[in-house]
Amino acid sequence: MSELFKNYIAGQWVEGTSVNDNVNPSNTNDIVGRYARASKAQAEQAIAAAKAAFPAWSRSSPQERHDILKKASDEILARKEELGKLLSREEGKTLPEGIGEATRAGQIFDFFAGEALRLNGEVVTSVRPGVGIEVTREAVGVIGMITPWNFPIAIPAWKIAPALAYGNTIVFKPADLVPGSAWALVDILVRAGLPTGVLNLVMGRGSDVGQAILEHPDVAAITFTGSVSTGRKVAAACVASTPMKKVQLEMGGKNPLVVLDDADLKLAVETAVNGAFFSTGQRCTASSRFIVQDGIHNKFVDAVAERLKGLVVDDALKAGTHIGPVVDQGQLDQDMKYIAIGKDEGAKLFWGGERLNRENPGFYLQPALFTECTNTMRIAREEIFGPVASVIRVKDYDEALAVANDTEFGLSSGICTSSLKYATHFRRNSEAGMVMVNLPTAGVDYHVPFGGRKGSSYGPREQGAYAREFYTTVKTAYTFAG
Ligand code: NAD
C-alpha cells in the first residue's frame, strides 16, 4: 500500500475519513497518490486551530512573515521541475506548462514576501482641531480558501501568499481532482516555519468540507475560484452566515479574441491557438470566441486549422506533446456534449473535435474549431472549459466590439490589429477586467491585478498589491491630543 498523503490540521498531519485516489488523466492506470479526504468535523477542527493562531500571527513581525514566504519561494523554485511534473501528472497540462506554473507559484511567494514589508497606512489631518487620524490596514481573520482543479499550484499560491503576508490564518480546501500540488505546497510552507494553526489543509469534496467552511461563523472571509454555479452558492452562504463573511469570487469566462483585417496574420494565428487551446483550453482566461472580420476570415480559419493539424495531443509528460489530455471523464463528457450541441445548432465543425486514443488510456481530445457560428449559439455563450473555439464572422470593428461585449462574462478579452486607433478604442471599451492587444487572452503577470467584470468576478481583485483589498480590513482611528 503506497503512502497516504494526509490533511494538515492544528500542526499535525492527520488521516481523513476516506481516501481519494489521484488519477493521472494521461494514463488512468497511473495513480499519482492516495490522499486523505477530511470530514466536516475535521474542517471544524481546522477552523478552530486557525482561529486560535490568529491573534499571535496577525501581530507577528513582518520580518518573520517575509522570511517564511521567501523560504517557501526558494524551495518551490529549487524544486520547480519536480513540482511541475507532479502537477502535469495530476492535471494533464504539458510538462513545460506544469513547470511554468510551479515557477509562477515561486515568484508569487517571492513577491508577497516583499509585500509583507510594504504594508502601509495614511496619516490624515482631521477637519476638527486637535484631532489626528490614522488609516491602517489589519488582517481580516480566518480565511477559507476554495480552489479549482485547473491551476493546482498557482491559484493556491496567489491566495495563500497574500493571506499570510498580511497576517491572516487559513483553512485551505483544494479541488478534489488535484490534491497533490496543494499537499506539496502546504508541506513546503509548514517546513518553512509557519506556526501551528496558521495554515490548515483539509482535502475533500466541496459539498461536505467546502460547505463546512462556508457555514462556520469563525471564518471571516472566503476566497473562491471556480464555476459560476458554485460561486453563486458560495456568495449566498457568505451573506446568510452570522456574521456575514467577506467574499471574493473568480469564476468563468467566454473570452473573445477579435481579429481585424489589418492584423498580422501569423501573429493572430499564434495568439488564437495559444489562447484557445494550450493547457487543453482549460483556462478561465482561454479564448473561446474568435470574432473575425470578413476580409481576413477565410485566411485566418485556414491558417488556424493548419496550425492545429501540427499540434501533438498526447501524454502530458511526453517530450513533444503540445496539448495534454482533458482533466477527467466528466469534463470530457462536457466537451463532447458541447461539440454535439454546436453541430445541432448549425455551426460547422471546421476541424478536430474527435476523441483520440494514445498508448495509455487517457482523456484525449483533438482541439475543435467551429466556424459559421453566431453569438446567440450556446457554444458561443456558455463556458465549455475545453479545447473548443467558435469563429464568428463580422463586417467591421464596431460589430466586432459589440459581439465581444455581448456576453454575461467579462474576464479577459483580446484584439489582434495593427491599428493604434482600434487597439486604443478596444482597450477603453471592452467590458472585461483584462484586455490584451496582440497577445493571447490567457497569460498574465503576477504583480498586477487579476480579475474580471460582470459574471466572471465578484469582490476585490486578486494578485499584486491589489490583493490587500481582500486580505486586509481598513481601520480609521481618531485621536484627540488636546
Ligand atoms: P467548481 O466550481 O466545480 O469547484 C471549485 C471548488 O469549489 C472546488 O474546490 C470544489 O470542491 C468546491 N465546491 C464545489 N461545491 C461546493 C460547495 N457546495 N461548497 C463549497 N465548495 C464547493 O469549479 P472547477 O470545475 O474546479 O473549476 C473550473 C471553473 O473554475 C471554471 O468555471 C473556470 O472558469 C473557473 N476558474 C476561474 C478562474 C478565475 O480566476 N476567474 C481561474 C481558474 C478557474
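Whatever order the structure lists them in is the order used to number ligands and atoms, beginning at 1. Numbers here are sequence positions counted from 1.
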A.B. asks: Assess the residue pair Phe363 and Thr28 against the criterion (side-chain contact (heavy atoms from CB on, under 4.5 Å)); give the C-alpha distance rounded to whole Å, side-chain angles, the decisive distance to 0.1 Å, and a yes or no.
C.D. replies: CA-CA 9 Å; Phe363 308 111; Thr28 53; 3.6 Å; yes
A.B. asks: Could you measure the distance from the CZ atom of Phe109 to the CZ atom of Arg104? Nearest 0.5 Å is fine.
C.D. replies: 13.5 Å
A.B. asks: Between CG of Asn200 and CD1 of Ile170, what distance do you get to the nearest 0.5 Å?
C.D. replies: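 Atom-to-atom, Asn200:CG and Ile170:CD1 are 9.0 Å apart.
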A.B. asks: In Å and rounded to the nearest 0.5 Å, what is the OH to CE distance from Tyr338 to Met377?
C.D. replies: 14.5 Å
A.B. asks: Which ligand 1 atoms, with their elements, are less than 4.0 angstrom from a heavy-atom of Ile146?
C.D. replies: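 Near Ile146, the atoms of ligand 1 are 6 (C), 7 (O), 9 (O), 12 (C), 20 (C), 21 (N).
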A.B. asks: Which atoms of ligand 1 are found less than 4.0 Å from any heavy atom of Lys173?
C.D. replies: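 Checking each atom against Lys173, I get 9 (O), 10 (C), 11 (O).
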A.B. asks: Consider every N or O of Asn150 and every N or O of ligand 1, then say whether any pair is closer than 3.5 Å.
C.D. replies: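 No; every N/O pair is 3.5 Å or more apart.
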A.B. asks: Using a strict cut-off of 4.0 Å, indicate which atoms of ligand 1 neighbour a heavy atom of Glu383.
C.D. replies: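 Per the distance check, 31 (C), 32 (O), 33 (C), 34 (O).
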A.B. asks: List ligand 1 atoms under 4.0 Å from Thr225, heavy atoms only on the residue side.
C.D. replies: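 Contacts of ligand 1 toward Thr225, numbered from 1: 5 (C), 36 (N), 37 (C), 38 (C), 39 (C), 40 (O), 42 (C), 43 (C), 44 (C).
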A.B. asks: Would you call Asp176 a ligand 1 contact, heavy-atom distance under 4.0 Å?
C.D. replies: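 Under 4.0 Å: no for Asp176.
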A.B. asks: Is the backbone N or O of Ala165 less than 3.5 Å from a side-chain atom of Arg65, with the two atoms forming a donor-acceptor pair by type?
C.D. replies: yes
A.B. asks: Counting from 1, what ligand 1 atoms have a heavy atom of Gln211 closer than 4.0 Å?
C.D. replies: 17 (C), 18 (N), 19 (N), 20 (C)
A.B. asks: Answer yes or no for Ile155: is there a heavy-atom contact with ligand 1 below 4.0 Å?
C.D. replies: yes
A.B. asks: Run the numbers for me: atoms of ligand 1, each under 4.0 Å from some heavy atom of Ala175, listed by number.
C.D. replies: 9 (O)
A.B. asks: On a heavy-atom basis, which atom in Leu201 and which in Trp183 lie closest, and how many Å separate them?
C.D. replies: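 Looking at all heavy atoms of both residues, the shortest contact is CD2-CD1, 3.9 Å.
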